[in-house]
Amino acid sequence: MKSINHIAIIMDGNGRWAKAQGKIRTAGHLVGAENVRTIAIAANRLGVKHLTLYAFSTENWQRSQEEVSYIMKLPAIFFKKYMKEFIDRGFRMEIIGELEQLPKSTKEVLLEAEEESKQNKGLHLSICMNYGGQSETVIAAKRYAKALQENPKLELTMDNFHEFLLTKNLPPVDLMIRTGGEERISNYLPWQLAYAELMFVQESWPEFSEEVLKNCIEKYKHRNRRFGGVKE
Ligand code: FPP
């Protein structure tokens, strides 16, 4: 059976879900954060090795100050509640993004989760926080320019360009799922998504369950991945 190594998810639809329940948008984010635990456990159970979640994009600062500051508090709420469980389950957390622009306390909590779990060998759970693919590409180009000053013979190749990315520890994405019914990539992992299968599901992130994840993986297994080649 075709195995699935890396799933990336755009966790969209929290706000609309909350509104439909007569609640404020941030209530959707809180239920969304709870669902990070549910889906990480489910993905691990289903044999996924890498799960990468889009929690906050470089464009999300345009939201109301109230909403942004609520999302920035979620990592502390989340890891206080679940860090021990995640460690026990062997999850290895990685935080991806331009972390220096985050509030100090948010950054600290996130880096602590990464540090505490770095020896773990189980599910590699990456959380993208203040991440944007175009900005990441510019950062990589600047990092290369700097490395070139130190080593004028350093060539830029497909392999070593990857090393300059914020996402250098991520393998290629096999399946990208976006919840909430919109069909866009929204600046998410352009390098790693190059040959990913894409799925757009109607369920909003708070409604996205193990069952829906399983269905996506089943569908993925019937896709014919050709990586630009030909397969009969
Ligand atoms: C997009 O939905 C969702 C976000 C910008 C926030 C996602 C954050 C979480 C699910 C919590 C992350 C958890 C941790 C532990 C960091 P939206 O609100 O834009 O949906 P809408 O399209 O309905 O408005």
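Residues take their numbers from the sequence shown, with the count starting at 1. Reckoned from all heavy atoms, side chains included, excluding hydrogens, waters and symmetry mates. Numbering of ligands and ligand atoms starts at 1, following listing order. All figures in this text were calculated on a predicted structure; none of them were measured in a lab.
Under the 4.0 Å criterion applied to side-chain N and carboxylate O atoms, Glu182 and Arg178 are not assigned as salt-bridge partners. A salt bridge is absent between Glu114 and Arg92; no separation between the charged side-chain nitrogens and carboxylate oxygens falls under 4.0 Å. Residues Lys104 and Glu108 are paired through a salt bridge, judged by an N-O separation under 4.0 Å between the basic side chain and the carboxylate. Ion pairing between Lys118 and Glu94 fails under the 4.0 Å rule for side-chain N and carboxylate O. The pair Glu67-Arg25 meets the salt-bridge criterion, since a charged nitrogen lies less than 4.0 angstrom from a carboxylate oxygen.
Looking at Arg25 next to ligand 1, an N or O pair under 3.5 Å apart turns up. The N/O atoms of Gly15, backbone and side chain alike, include one that comes under 3.5 Å of an N/O atom in ligand 1. Here's the thing with Trp205: none of its N/O atoms is less than 3.5 angstrom from an N/O atom of ligand 1. Checking only distances, Phe78 never comes within under 3.5 Å of ligand 1, N or O to N or O.
Atom CD of residue Gln202 and atom OG1 of residue Thr179 lie 10.5 Å apart, to the nearest 0.5 angstrom.
For Pro171, the side-chain contact (heavy atoms from CB on, under 4.5 Å) partners two or more places apart in sequence, or in a different chain, are Asn5, His6, His50.
With a heavy-atom cut-off of 4.0 Å, Asp12 touches ligand 1 through backbone and side chain alike. At a 4.0 Å heavy-atom cut-off, ligand 1 does not touch Met72 at all. Counting heavy atoms under 4.0 Å from ligand 1, residue Asn60 touches it through the side chain alone. Contacts of Lys19 with ligand 1, taken as heavy-atom pairs under 4.0 Å, are absent altogether.
Arg16 NE, 3.5 Å is the protein heavy atom nearest to atom 21 (P) of ligand 1. Among all protein heavy atoms, the one lying closest to atom 13 (C) of ligand 1 is Ala33 CB, 3.9 Å. In terms of protein heavy atoms, atom 1 (C) of ligand 1 is closest to Met11 O, 3.3 Å. The closest protein non-hydrogen atom to atom 20 (O) of ligand 1 is Gly13 N, 3.1 Å.
Ligand 1 is never approached by Gly28 to a heavy-atom distance shorter than 4.0 Å. At least one heavy atom of Arg63 sits less than 4.0 Å from an atom of ligand 1.
Among Ala55, Gly32, Ser186, the residue whose heavy atom lies nearest to atom 12 (C) of ligand 1 is Ala55.
Heavy-atom contacts of Leu74 reach the following atoms of ligand 1: 11 (C) (cutoff under 4.0 Å).
Using cut-offs of 30° and 60° for the angle between ring planes, the Trp191 and His162 rings count as parallel.
The six-membered or imidazole ring of Phe86 lies near that of Phe78, with a centre-to-centre distance under 6.0 Å.
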*Checking side chain to side chain donor-acceptor pair (under 3.5 Å) for the pair Thr26/Glu66: CA distance, chi angles, key distance, verdict?*
CA-CA 9 Å; Thr26 49; Glu66 187 196 357; 5.4 Å; no
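Protein heavy atoms come within 4.0 Å of atom 10 (C) of ligand 1.
The two residues Leu123 and Ala40 have their closest heavy-atom pair at CD2-O, 3.5 Å.
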